[in-house]
Amino acid sequence: MTAPGQPLVESPWGAALALYFVLVGLASGVTLVAWLLRPPDARAARALDERAAWVALAALAACGLILVFDLGRPARFFLVLTTWSTASVMSVGAKLIALEAVLLGWHLVELRAGRHAEHAPTAADVRFAPPTLLLAVTSATLAVYPAVLLSRTWLAPLTTSPVTGLLFVNTSLLLGLVACAPSLSRVDVPAFARKLDGALVALVATQAALLALLFLSLHGVGGRAQHALRQLSAGLPGAAFWLLTCGVGLVLPLAWRASRRLRARVPLLPVCAAAAGAGMLRVLLFVVR
Amino acid sequence: MRKLAMLIDLRTCIGCHACSVACKAEFDVPLGVFRDTVKYVEAGRYPQARRFFVPVLCNHCEDAPCLAACPTKAIERLPDGQVVINKGDCNVNRFCMSACPYGAIYVDPEENVAQKCTFCEHRTAQGLQPACVQACPTQCRIFGDLDDPSSAIARKVAAHPTAVWKPEAATRPRVLYVDPQGALGHVASEGVQVDTRAQFPAEEHA
């Protein structure tokens, strides 16, 4: 007999797809964070942009490799890119990823050519230039894409809650923040450091609030969604959720930040912990059913 | 264009598996995967214990989630309504398997493509009945054009209340059941595929 409520004995998508969902979050999050938390100094902004673009491209390349090798017929991978099926979330997602990669490549070429520094001295000029804006919009859409994809399957009953879309966006931003942190922490502007600190606190607090809303939205609904919610709270998934997602991802960053002495010793630990919790949450939203 | 559908009368299914065997033979379906099978479910407690036989297969849904899911358009709906998979365009991304609430789709281990019931399109195109319908000894399966009021299926649908498997999935299946005893509710969390990982008790050595 299959697992309760599961039409197939084994899930058609395995661990490789769990990693894919984390990496696509990293790719979308790092470009969004670089766009949102733009340093006031042009040189620092350019360094951040370059770093973010390379990290995002590497993550998307890894996503592509995962998808190709996960396919039963990798030689036909191109069909996902060349076939236009607006009804298929996966088809739209593949085009989004391709568009993101193209825009990132263009962005790097522009950065290398120094156009941003020469012709767009203000942060607003760069941020709202059409191609940069399109990259930001594509990244934001890509941040929600996994939630939309999973909601069309029986694999992830938790994604039937409308809160999961927001959770995927928030976790993307946390993953992106850790990738941008080394560049952002080097900006020697106290006001910017406070802004960065505030961003971390806001994202962690939002994560906590969204998790509470997730439980609230699925409590009492019955069926597989509620069964998945119970799975999330107990057993091995529960241990991962409470220890990693909540303990490491939420409590640790805030506690570390509250201690001035600890903050001075390992300043990047809170953001790393928050990102680890965010990554684990993405995996749990996919595997718990 | 016809609106081909299947009606299964659970009052007369005897669970003989002639349909499953016929399907396996017709398509040379490999071991471990299924296009059509019969679920045996038990309900109640002695002395009111009862046993039901519920044949399940792809429902060729009007709102087929697999059709919408496929990113390579390998899944298409034929003019008469059957939902079929074109092997050539399938890259085995398995989104269709993830989308189908009935577990009707499997990956053929020999051909390495997604496969499922086709309502025996190759037979019905020649005016024959699907293999499972032809094999059934109690004629509990009726196949035909729902839009033809003189067809056997249309007459039976008009004469009896019908139910569908997993109505909460809202896929508008084209496989209907005459199920006065509510047997479908006992397979609400099942799928077409069968768990073939048999668990045998350890043998006792003398």
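Letters go in sequence order (proteins before strands), and every chain restarts at 1. Because the structure is a prediction, the values reported are computed rather than measured.
Enclosure of atom NE2 in A/His219 is not indicated, since only 12 or fewer non-hydrogen atoms of other residues, nucleotides or ligands lie within 6.0 angstrom. Crowding of A/Gln226 atom CD: a count of heavy atoms from other residues, nucleotides or ligands under 6.0 Å exceeding 12.
Each of B/Ala104, B/Gly103, B/Pro71, B/Pro101 has some count of heavy-atom pairs under 4.5 Å with chain A, and the biggest count is that of B/Pro71. Among B/Gly88, B/Ala114, B/Ala74, the residue with the largest count of heavy-atom pairs under 4.5 Å with chain A is B/Gly88. Counting heavy-atom pairs under 4.5 Å between each of A/Ser85, A/Gly93, A/Pro74 and chain B puts A/Ser85 at the top. Put simply, of A/Asp70, A/Leu17, A/Val89, A/Leu67, the one with the most heavy-atom pairs under 4.5 Å next to chain B is A/Asp70.
You'll find the side chain of A/Leu71 stays beyond 4.5 Å of the side chain of B/Val92, heavy atoms only. The side-chain heavy atoms of A/Phe78 and B/Asn91, taken from C-beta on, include no pair separated by under 4.5 Å. Inter-residue side-chain proximity for B/Asn93 and A/Met90 is flagged as met; some heavy-atom pair is nearer than 4.5 Å.
When heavy atoms are compared at a cutoff of 4.5 Å, B/Cys90 approaches chain A by way of both its backbone and its side chain. Both the backbone and the side chain of B/Ala99 come within contact range of chain A, each with at least one heavy atom under 4.5 Å from a heavy atom of that chain. Looking at B/Ile105, only its backbone comes within 4.5 Å of chain A, counting heavy atoms on both sides. Heavy-atom distances place no part of B/Pro65 under 4.5 Å from chain A, backbone and side chain included. When heavy atoms are compared at a cutoff of 4.5 Å, A/Leu149 approaches chain B by way of both its backbone and its side chain. Both the backbone and the side chain of B/Phe95 come within contact range of chain A, judged by heavy atoms closer than 4.5 Å.
Residue A/Pro12 comes nearest to B/Ser98 through the heavy atom pair CG-OG, 3.7 Å, listed as atom of the first residue, atom of the second, then distance. Listed here is the closest heavy atom pair of A/Leu8 and B/Gln193: CD2-CG, 3.4 Å. Nearest heavy atom pair, residue A/Pro7 against residue B/Lys166, reads CB-NZ, 4.2 Å. Minimum heavy-atom separation, A/Arg152 to B/Ala68: NH2-CB, 3.8 Å. Heavy-atom minimum distance, B/Asp195 versus A/Val9: CA-CG2, 3.6 Å.
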